[in-house]
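All figures in this text were calculated on a predicted structure; none of them were measured in a lab.
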Amino acid sequence: GSEEPKWAALALFTLFGIVEKFGTLLSDVSVKREWSPQLFDGEQLQQVNSKMSQIDLTTEVVGPFIAGLLITLGSYLAEWLPPFLGATDFGFVATGALNALSFGPQLALLRGIYRSHADFLQLVPAEQLQARKGPVPPEGAWGAWCRHPGGLQFLSSSYALLYLTVLSPHGALLTAFLQLCLVPSWQLSLLRGAGALLGILGTMGRPALGRLLGDRGADGLSVCWLAVWMLVALLAFQAAGGSDGGNIGAGMQGVVSMPLLVFMAAVCLGRPGLYSFELGVLNQEQELVDRRHRSSVGAVDAALTSMATVVMYGSGMYWSGVAQFGLLVAGSSFFVACGAATYLAWTGLYKSVRHRHFEEEGEAGHGHCHEEGHSHGHEEHVHHEHTLQMEEMKDAHEDGTFLHEHIIYDPADCAIL
């Protein structure tokens with residue numbers, strides 16, 4: 001029947017979308033988690049991370065705008081289009097074609113970078129490749145993540161919890177709910193654009209905020225900013241009539257109530273905090289994680305955020321009614337607050353300590369001296385593992401000493417307990 005081609009096209013579209021998402025995830029982990037910290041460091045690395053985040057968010061604004069222009073163009077070309085291809089279909093196909101054509105330049109750029117910087121991007125010397133058999137650590141990606149020192153699990157979990165939310169300006173669940181509430185399409189477009197633009201402001205302001213408050217202070221403020229605005233969104237949603245299952249959009253005739261406008265504005269105003277925090281977590285993990293395991297840890301982070309997204313979409317399918325959307329809003333606000341609390345717990349329980357290591361055994365300087373000659377200024381510090389970056393610093397000093405920072409579990413000084 002005539003429905004069969006449509007179902008076949010939908011199935012192919014879904015399959016290709018999955019493949020495209022998988023490829024995007026692989027390239028994102030490789031470029032952001034592995035290539036960038038190999039080619040840049042320090043302040044320059046943070047600037048590169050910020051620029052890449054700004055580019056990603058800019059495409060979220062420009063992409064829908066271009067798609068809308070193509071749909072409009074399709075309406076002008078309607079008399080030249082085949083009968084089965086409408087204006088919307090033309091815009092959809094043209095957007096997909098542009099997306100496919102962009103693959104070639106992307107691949108050429110990545111291959112060019114790799115060819116010109118192959119020595120820097122080779123994480124493991126050639127003689128060690130047979131023993132390791134690739135970039136995955138012997139205990140696996142999850143094993144490396146679970147055993148990694150420095151409270152990495154807290155840091156990753158705090159970011160993943162932020163994905164347990166429907167309060168995203170470009171989220172499908174929120175968009176569908178607002179459409180059922182008779183929110184005009186131009187306001188929905190404004191919501192998506194404003195969210196992306198405010199996110200760009202967050203990434204642009206993160207470096208200055210880090211210089212003012214320090215990395216931990218900047219990221220703590222960012223995630224708390226997000227949590228506060230999600231709480232405001234919850235309160236506005238309840239004021240709009242969402243808490244008792246009432247029909248928020250009834251009788252509005254295209255005019256959105258003030259509480260619902262505040263709800264939409266609060267969702268957007270949380271975006272600077274989210275993207276600033278995302279950038280800060282990326283910066284900290286690039287420094288914290290052993291460079292041999294950055295891709296593996298990045299893959300675990302991506303898996304955690306993907307699982308959180310699946311849980312939220314599954315919840316949306318189970319509580320699919322308009323009257324039940326309030327449960328999703330309340331849950332979103334709760335889990336974002338949990339993410340903020342998890343990050344604050346990490347900053348309280350794990351301290352960054354700078355100290356000197358000595359190659360020879362015995363006491364040197366002051367504090368407790370371990371069997372390998374580690375000298376600390378804190379009597380309760382214990383022996384810790386070194387990342388490959390730390391070992392390379394050690395080899396770089398001819399006298400066998402080097403200064404470095406490491407993160408230790410130190411609940412005795414926790415100010416939040």
Side-chain angles (χ1 to χ4, degrees), residues 28 31-33 36-37 40 42-61 151-152 154-165 167-171 191-233 264-289 298 301-302 304-305 308-309 332-333 335-348 350 352:
D28 185 70
V31 172
K32 289 187 176 181
R33 299 292 184 143
S36 294
F40 307 96
E43 186 74 19
Q44 191 178 29
L45 175 59
Q46 295 189 12
Q47 292 177 359
V48 170
N49 292 334
S50 178
K51 295 299 182 183
M52 287 195 295
S53 297
Q54 293 171 32
I55 292 172
D56 290 340
L57 291 171
T58 301
T59 58
E60 288 191 15
V61 179
L152 175 65
F154 279 78
L155 197 58
S156 298
S157 299
S158 66
Y159 179 59
L161 284 168
L162 304 185
Y163 277 72
L164 284 169
T165 180
L167 300 178
S168 172
H170 58 271
L191 176 72
R192 295 171 64 95
L197 288 175
L198 288 172
I200 294 174
L201 292 179
T203 59
M204 293 176 63
R206 172 58 181 79
L209 194 62
R211 290 190 293 269
L212 181 65
L213 302 177
D215 288 334
R216 291 191 173 199
D219 296 337
L221 177 61
S222 298
V223 74
C224 288
W225 174 278
L226 173 64
V228 167
W229 281 111
M230 294 305 98
L231 177 60
V232 173
M264 296 166 61
V267 170
C268 285
L269 289 172
R271 295 289 98 179
L274 171 64
Y275 289 109
S276 174
F277 180 70
E278 178 184 52
L279 182 58
V281 169
L282 176 62
N283 292 336
Q284 295 198 62
E285 287 195 355
Q286 286 173 337
E287 297 294 332
L288 173 64
V289 177
D301 285 348
L304 290 173
T305 55
T309 302
S332 299
S333 178
F335 284 115
V336 169
C338 287
T342 302
Y343 181 80
L344 294 178
W346 178 75
T347 60
Y350 290 86
S352 180

Atom [atom1] in [X], atom [atom2] in [Y]: separation rounded to 0.5 Å?
| X | Y | atom1 | atom2 | answer |
| --- | --- | --- | --- | --- |
| S332 | L231 | OG | CG | 12.5 Å |
| M204 | S53 | CE | OG | 12.5 Å |
| T58 | I200 | OG1 | CD1 | 3.5 Å |
| Y350 | L155 | OH | CG | 11.0 Å |

Residues two or more places apart in sequence or in another chain: which of them pass side chain to side chain contact (heavy atoms under 4.5 Å, CB included) with [X]?
| X | value |
| --- | --- |
| A337 | none |
| L164 | L161, A308, V311, M312, F335 |
| L269 | L198, W229 |

Main chain of [Y], side chain of [X]: is a donor-acceptor contact present, judged purely on distance under 3.5 Å?
| X | Y | answer |
| --- | --- | --- |
| S276 | G273 | no |
| W346 | G151 | yes |
| S50 | T203 | yes |

- Task: Determine whether more than 12 heavy atoms belonging to other residues, nucleotides or ligands lie under 6.0 Å from atom CE of M52.
- Result: yes
- SB check D56 K32 (cutoff 4.0 Å): yes
- Sequence neighbours excluded, the answer for salt bridge (Lys or Arg N to Asp or Glu O under 4.0 Å) partners of E278 is none
- Task: Please list all pairs passing the salt bridge (charged side-chain N to carboxylate O under 4.0 Å, His left out) test where one or both residues lie in residues 204-220, with sequence neighbours left out.
- Result: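 Those involving residues 204-220 are E43-R211, R206-D215, R206-D219.
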- Task: For Y163, enumerate each residue passing the ring-ring contact (aromatic ring centres under 6.0 Å, His included) test, keeping only those at least two apart in sequence or located in another chain.
- Result: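 Y163: ring-ring contact (aromatic ring centres under 6.0 Å, His included) contacts with Y159.
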- Within-4.5 Å side-chain heavy-atom neighbours: F277 and V281: yes
- If you take all heavy atoms of L209 and S222, which pair is closest and at what distance? CD2-OG, 4.0 Å
